[in-house]
2 protein chains.
Amino acid sequence: MATIRDVAKKAGVSVTTVSRALNGYSDVNEKTREKIKMIAQELNYSPSLLARSLVMKKTKTIGLLVSGLRIEGSKDNFTFEVLCGVNDCAGELGYELVLISTDSKKQQEKTYNQLCKERKVEGVILQGIKTDDPYLDEVLKSDIPCILIDIPIESDSVGYVTTDNKGGAQTAVQHLSDLGHKHIGMINGHSQAFVSRERLAGYQAALKKNDIPFNKDYVINGAFLEETAEVETTKLLKQHPEITALFCASDLMAMGAMRAAKKMGKTLPNDLSVVGYDNIILSAYSTPSLTTIAQSRYKLGFEATTLLTNMLEGKAEEKNKVLQTTFIKRESSTENHG
Amino acid sequence: MATIRDVAKKAGVSVTTVSRALNGYSDVNEKTREKIKMIAQELNYSPSLLARSLVMKKTKTIGLLVSGLRIEGSKDNFTFEVLCGVNDCAGELGYELVLISTDSKKQQEKTYNQLCKERKVEGVILQGIKTDDPYLDEVLKSDIPCILIDIPIESDSVGYVTTDNKGGAQTAVQHLSDLGHKHIGMINGHSQAFVSRERLAGYQAALKKNDIPFNKDYVINGAFLEETAEVETTKLLKQHPEITALFCASDLMAMGAMRAAKKMGKTLPNDLSVVGYDNIILSAYSTPSLTTIAQSRYKLGFEATTLLTNMLEGKAEEKNKVLQTTFIKRESSTENHG
DNA sequence: TTGAAAGCGCTAACAC
DNA sequence: GTGTTAGCGCTTTCAA
């Protein structure tokens with residue numbers, strides 16, 4: 001591995017000059033610069049980002065900290081699409097990206113701060129964390145700039161990006177109401193998710209607006225899991241056969257819910273209208289295809305990175321961003337025939 | 001940020017001792033070690049991996065170099081699942097993971113060697129690269145240890161991991177033949193993919209074994225894209241209405257092929273049997289669900305990492321691994337009714 | 001069992 | 001314009 005010294009020696013100049021030449025400083029003779037560039041190329045030299053970071057105390061690196069990076073994630077692709085967004089934005093802005101994944105086991109070994117300081121990431125984007133995760137406290141106490149995805153908390157060093165979950169949910173339920181449904185159930189995620197609370201609020205708001213009384217027995221948790229949603233939906237529909245429509249807090253749970261309904265002998269969407277949330281790939285391919293609220297995970301990642309780098313570079317802008325959702329009508333919702 | 005010096009000062013010892021104490025060397029008084037550990041914790045000290053790597057000339061970091069990390073990848077999840085496998089294995093073995101993504105634009109700016117040397121990755125896993133990509137030459141010339149995914153090339157510093165593509169394809173086509181199909185088309189990927197060549201070989205082998213003549217007009221390329229496959233399938237089926245079965249080199253293309261058939265008024269699987277390759281999530285949810293050859297992208301990533309770290313640690317083992325596939329029967333294939 | 005000193009590859013004051 | 005020097009935070013000889 002050629003170092004800066006090798007280049008300097010061969011060019012007959014000092015390492016300083018090489019450094020300056022290669023980094024585009026103006027106070028260096030153009031001829032010298034050319035020569036140095038030539039030699040650098042000859043020697044196949046590339047500067048060590050390590051050494052540079054050490055002396056500059058800047059790594060130009062951000063970390064994407066994912067809690068629970070698991071293969072199951074491929075069903076909704078949340079993490080992957082966020083990653084794409086982060087990667088694209090970071091790339092554009094010249095930041096390196098390191099992927100930090102943790103799970104409860106790892107978290108016992110290393111604190112959030114350790115994880116970040118070790119690798120000298122300048123800032124962090126946090127995805128997939130529950131509101132009762134101990135890391136969240138650490139994040140808020142830490143002075144490492146951080147953007148939370150889908151957790152609307154803000155502090156000096158912490159911002160967030162999320163979508164208009166309440167609005168999205170409201171749109172979904174309004175749609176069902178517009179179709180004439182009066183008995184609308186909800187399959188929510190879990191209480192440790194902000195988005196679940198918001199989506200529930202949206203559900204309630206829509207009911208209220210349409211003078212439909214809120215019945216708490218109509219709302220169950222599916223843990224954002226397809227299987228759990230299937231099981232819970234079966235229970236719900238058995239207990240409340242008057243339900244003709246379901247709003248699910250995720251498309252994946254909607255898949256489970258639809259399967260449950262089918263297994264009970266219901267015909268979709270005639271016997272049961274279902275609206276999901278997310279617009280995952282599957283939702284366009286299922287039978288019936290799923291009416292849903294689309295949110296762009298990619299944008300979530302991209303905007304998170306924009307916010308984070310703004311923070312890092314001291315640009316005094318907003319530290320949070322709320323993205324809008326889009327309603328997508330497909331086959332799984334239809335007029336109330338009940 | 002507390003440094004090793006801060007700890008040393010507070011503990012009243014030299015930095016050398018702190019280093020030794022914290023890194024578990026035996027030649028340090030246990031009492032001193034305890035004291036140092038205490039103080040380190042107090043100061044919230046975590047050693048700078050940067051500085052350590054610089055002096056040790058070891059980063060314990062591997063890079064996952066992905067060519068074309070794009071949101072479209074969420075349809076087949078190839079990259080994501082490989083990433084999960086790499087991440088899990090790297091985590092187990094104590095390696096850091098950096099994600100390096102390139103595209104043709106970036107490649108003009110930086111060579112493969114630059115990309116890797118800059119970040120001081122000790123080894124690389126390469127995914128998503130075509131056989132005519134200029135990076136591939138560089139990889140083979142470079143002395144940076146590298147594992148290629150799905151490109152069976154080996155050299156001193158290069159190994160690979162792939163699946164038994166020929167065998168998988170053969171199984172798929174044998175299945176169609178067993179169902180009585182005589183006119184079996186193939187939607188292949190593109191010629192710049194080794195897997196395409198292998199799968200074609202498997203297709204031909206199965207035909208031969210069953211005394212079905214090979215007709216090159218029956219094989220078309222769908223570029224591994226759903227839309228292209230749809231367009232090309234339409235042409236193929238119009239030109240050769242005698243075809244009753246299709247083997248597709250990817251599930252995604254199988255989706256396109258099925259859509260094409262449906263649009264032509266065919267009933268699936270009665271008018272046309274389709275077998276895919278990959279076992280992506282979608283294949284279980286489509287209508288009809290897709291018979292396919294399953295390959296584990298996760299294992300691909302995991303095994304790649306195992307091979308790579310073995311190389312890095314000088315363990316003289318095989319530098320390649322071929323994983324087996326699994327045949328998965330679903331609804332899209334049935335007996336020849338033609 | 002501990003410490004002093006050198007050095008990893010680089011950048012940045014400060015001279016000249 | 002260019003070189004000298006110091007130092008980023010750490011590990012590792014070599015002495016003591």
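Note that these values count all heavy atoms, side chains included, but never hydrogens, waters or copies made by symmetry. Chain letters run A, B, ... following the sequence lines, proteins first and then strands; every chain starts at 1.
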Just by distance, do the side chain of Ser74(A) and the backbone of Asn77(A) share a donor-acceptor pair under 3.5 Å? no
Toward the 5' end of DNA chain C, by each residue's nearest nucleotide, Ala51(B) or Val28(B): Val28(B)
Electrostatic pair Arg119(A):Glu96(B) at N-O distance under 4.0 angstrom: yes
Under 4.0 Å between a side-chain N or O of Arg52(B) and OP1 or OP2 of dT11(D)? yes
Rounded distance in Å - NZ (Lys120(A)) to P (dC8(D)): 14 Å
For dG9(C), take OP1 and OP2 only and decide whether either is under 4.0 Å from a side-chain N or O of Lys57(B). yes
Between Ser53(A) (side chain) and Leu49(A) (backbone), is there a donor-acceptor pair under 3.5 Å? yes
Under the side-chain hydrogen bond (donor to acceptor under 3.5 Å, both in side chains) rule, what do Gln127(B) and Ser67(B) come out as? Steps first, then yes or no, please. CA-CA 7 Å; Gln127(B) 196 263 308; Ser67(B) 178; over 6 Å; no
Between Glu317(A) and Lys315(A), is the closest basic N to carboxylate O distance under 4.0 Å? no
Return the value, rounded to whole Å, for the distance between atom NZ of Lys9(B) and atom P of dG3(C). 14 Å
note: Asn29(A), atom CG; dT2(D), atom P; distance rounded to Å ~ 5 Å
Could you give the CD1-to-C1' distance, from Ile4(A) to dT2(D), as a whole number of Å? 14 Å
Could you check whether Asp137(B) and Tyr112(B), counting side-chain N and O atoms only, form a donor-acceptor pair closer than 3.5 Å? no
In short, Val28(A) meets Tyr25(A) closest at the heavy-atom pair CG1-O, 3.2 Å
Note the angle between the end axes of the helix from dT1(C)-dA16(D) to dC16(C)-dG1(D), five pairs defining each, rounded to 10 degrees. 40°
Does one side chain, of Thr17(B) or Ser14(B), offer a donor that lies under 3.5 Å from an acceptor on the other? yes
Separation of dG9(D) C1' from Leu43(B) CG (nearest whole Å): 15 Å
Taking only side-chain nitrogens and oxygens of Thr32(A), does any of them come within less than 4.0 Å of OP1 or OP2 of dG1(D)? no
Consider the side chain of Ser14(B), meaning its heavy atoms from C-beta on, and name the nucleotide among dA4(C), dT11(C), dT2(D) that approaches it most closely. dA4(C)
Just checking Asp27(A): base, sugar-phosphate only, or nothing, at a heavy-atom cut-off of under 4.0 Å? base
Could Arg33(B) and Glu30(B) be called an ion pair, given the rule that one side-chain N must be under 4.0 Å from one carboxylate O? yes
When rounded to whole Å, the CD to C1' distance for the pair Glu30(B) and dT2(C) reads 15 Å
List every contact pair, protein side and nucleotides 12-16 of chain D side both N or O, where the distance is under 3.5 Å.
unit_1  : atom_1 : unit_2   : atom_2 : d
dT12(D) : OP2    : Tyr25(B) : OH     : 2.8
dT12(D) : O4     : Thr16(B) : OG1    : 3.2

Could you check how far CG of Leu22(B) sits from P of dT11(D), rounded to whole Å? 8 Å
Regarding Ser142(A) and Asn113(A), do their side chains bring together a donor and an acceptor under 3.5 Å, going by distance alone? yes
Between CG of Leu54(A) and P of dG7(D) the distance, given in whole Å, is 14 Å
Checking dT11(D), dT2(C), dC8(D) against the side chain of Asn23(B) (C-beta onward), the nearest is dT11(D)
